[in-house]
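Read the structure below first, then the notes.
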Amino acid sequence: LRQGADSARGDDTSKLKTLVSEWVNHEFKPNPPVDMDDKHTHGFINDACGKLLCPTELDWNSPAVRAGIRDRAEGYIVTDLSFPAYLYEKYTANSDNLEEGLFKGKILIQSYKAVFTSPSSAKDVEGDGDGADVIENNRRAKKTTSTIKVKKHVTQIIKMDKVSPRSIAYIACQVRFALSSITSWRSVNGDFDYVQFWQTIVDFFKRPPGRDAQRRVTRLLEWWTR
């Protein structure tokens, strides 16, 4: 089971390494561009990847912030305790309401679709505000398979009819790795703990503090699934 899970994760990692690079280059047009075959061109050394990886409480547009993160200066060390910009709609957080736009980042949604439905479905994400449309993708797939033999996507194989917190957390970790400069998967990368990052995201959905927060989380998951 573990071997199968590791193999699937490796396939997803390889797929997203290429796709995320393409999406970043298309949307941000960094110079030099992100090289999908060279992870050393990713991470905070690259302005586009750095912007997406930057904790939302810091302003990547500030030269002092960019230098501080790259030098790992005190006050600028990036850990799993902060949510990175790529998780947010328009890659920007509202400091007065940190839940606004959270888990609605375009690259996050594209990556989710690429893994759980198909890379081609990720192209349907024209901008922020598009959910994963798991139900609609399953409906289309069933209609297609009734007339022509095609390869099933992951949501069909595992009979997934709604988006789960764990699946969002999994993709968030995969996107973080794709944007980073590390070349091989490991649960802890310097100051960043992927396991704790995954758990923090799951807890956001599973352990909301109160009824109002629970309603917001429910609406967010419905938005993802719709």
Side-chain angles (χ1 to χ4, degrees), residues 16 20 23-24 26-28 44 47-62 64-66 68-69 75-117 121-122 124-136 162-180 192-194 196-226:
L16 290 178
V20 169
W23 295 331
V24 170
H26 176 74
E27 186 164 354
F28 296 96
F44 290 108
D47 279 340
C49 291
K51 174 182 174 65
L52 294 170
L53 289 168
C54 184
T56 50
E57 63 266 26
L58 299 175
D59 181 8
W60 181 255
N61 293 320
S62 166
V65 168
R66 293 198 299 271
I69 289 176
Y76 296 99
I77 295 175
V78 178
T79 72
D80 49 85
L81 298 177
S82 299
F83 281 154
Y86 71 83
L87 294 180
Y88 279 86
E89 186 173 7
K90 301 186 188 307
Y91 310 127
T92 304
N94 179 355
S95 58
D96 295 323
N97 180 6
L98 292 176
E99 283 189 30
E100 184 180 322
L102 181 58
F103 301 116
K104 290 188 176 182
K106 181 179 177 181
I107 283 181
L108 179 69
I109 298 165
Q110 286 177 306
S111 299
Y112 194 101
K113 285 192 169 189
V115 168
F116 287 105
T117 53
S121 71
D124 297 335
V125 183
E126 296 296 334
D128 293 292
D130 292 326
D133 300 317
V134 167
I135 293 175
E136 177 62 16
K162 62 182 178 179
V163 173
S164 69
R166 288 178 174 81
S167 63
I168 294 174
Y170 171 71
I171 295 300
C173 289
Q174 285 283 3
V175 174
R176 211 275 174 183
F177 176 81
L179 290 168
S180 77
F192 195 93
D193 187 327
Y194 279 89
Q196 187 55 53
F197 182 59
W198 181 90
Q199 191 62 59
T200 298
I201 294 174
V202 171
D203 287 346
F204 172 87
F205 289 97
K206 292 284 192 179
R207 299 180 180 180
R211 292 183 179 179
D212 288 343
Q214 179 63 66
R215 281 192 287 268
R216 292 194 297 272
V217 163
T218 300
R219 285 197 300 269
L220 180 58
L221 287 172
E222 288 172 349
W223 177 89
W224 266 87
T225 299
R226 52 182 188 169

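The structure presented is a predicted model; accordingly, all values stated were derived computationally and were not measured. Nothing fancy with the numbering, it's 1 onward along the sequence.
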Q: Would you mind reporting whether Val20 and Gln110 have side-chain heavy atoms less than 4.5 Å apart?
A: no
Q: Check step by step if side-chain contact (heavy atoms from CB on, under 4.5 Å) holds for Leu102 and Leu220.
A: CA-CA 9 Å; Leu102 181 58; Leu220 180 58; 5.8 Å; no
Q) Hey, are the side chains of Leu87 and Pro84 touching, using non-hydrogen atoms and a 4.5 Å cut-off? A) yes
Q: Please name all residues satisfying side-chain contact (heavy atoms from CB on, under 4.5 Å) with Ile77, sequence neighbours left out, ordered by chain then number.
A: Arg72, Thr79, Asp191
Q. What's the shortest heavy-atom distance between Leu221 and Ser164, and which atoms?
A. CD2-C, 4.5 Å
Q: Compute the centroid of each ring, for Phe28 and then for Tyr91, and state whether the two points are separated by less than 6.0 Å.
A: yes
Q.
If you compare all heavy atoms of Phe44 against all heavy atoms of Cys54, which two are closest, and at what distance to 0.1 Å?
A. CE2-N, 4.0 Å
(Q) If the condition is ring pair (Phe, Tyr, Trp, His ring centres under 6.0 Å), which residues does Tyr194 pass it with, not counting sequence neighbours? (A) Trp185, Phe192
Q. Got Phe116 and Val163 here, is their nearest side-chain heavy-atom distance under 4.5 Å?
A. no
Q) Side chains of Trp60 and Asp47: does their closest heavy-atom pair fall under 4.5 Å? A) yes
Q) In Å and rounded to the nearest 0.5 Å, what is the CG to OG1 distance from Asp59 to Thr92? A) 9.5 Å
Q: Work out which heavy atom in Asp80 is nearest to a heavy atom in Gln196; give both atom names and the distance.
A: OD1-CG, 3.3 Å
Q. For the ring pair Trp224 and Tyr112, is the centre-to-centre distance below 6.0 Å?
A. yes
**Q.** By ring pair (Phe, Tyr, Trp, His ring centres under 6.0 Å) - contacts of Tyr86 (at least two apart)
**A.** none
Q | Where at least one partner belongs to residues 201-212, residue pairs that pass side chain to side chain donor-acceptor pair (under 3.5 Å), sequence neighbours excluded | A | Gln199-Asp203, Asp212-Arg215
Q: Hey, could you give me the CD1/CD1 distance between Ile109 and Ile171, rounded to the nearest 0.5 Å?
A: 12.0 Å
Q: Of all the heavy-atom pairs spanning Leu58 and Tyr76, show the shortest one and how long it is.
A: CD1-CD2, 4.2 Å
(Q) Can you tell me how far apart NZ (Lys104) and NZ (Lys90) are? Round to the nearest 0.5 Å. (A) 11.5 Å
Q: List for me each residue that meets salt bridge (charged side-chain N to carboxylate O under 4.0 Å, His left out) alongside Asp193, sequence neighbours excluded, and say none if there are none.
A: none
Q. Taking side chain as C-beta onward, heavy atoms only, is Leu53 less than 4.5 Å from Val78?
A. no
Q) Strictly by modelled atom types, are Gln214 and Thr218 linked by a side-chain donor-acceptor pair under 3.5 Å? A) yes
Q. Do the non-hydrogen side-chain atoms of Phe83 and Ile201 ever get within less than 4.5 Å of each other?
A. yes
Q) So, for Phe197 and Ser82, which heavy atoms are closest and what is the spacing to 0.1 Å? A) CE1-O, 4.4 Å
Q. Of all residues at least two apart in sequence or in a different chain, which pass the salt bridge (charged side-chain N to carboxylate O under 4.0 Å, His left out) check with Arg216?
A. Glu99
Q. Do Tyr88 and Glu100 come within less than 4.5 Å of each other through their side chains, counting heavy atoms only?
A. no
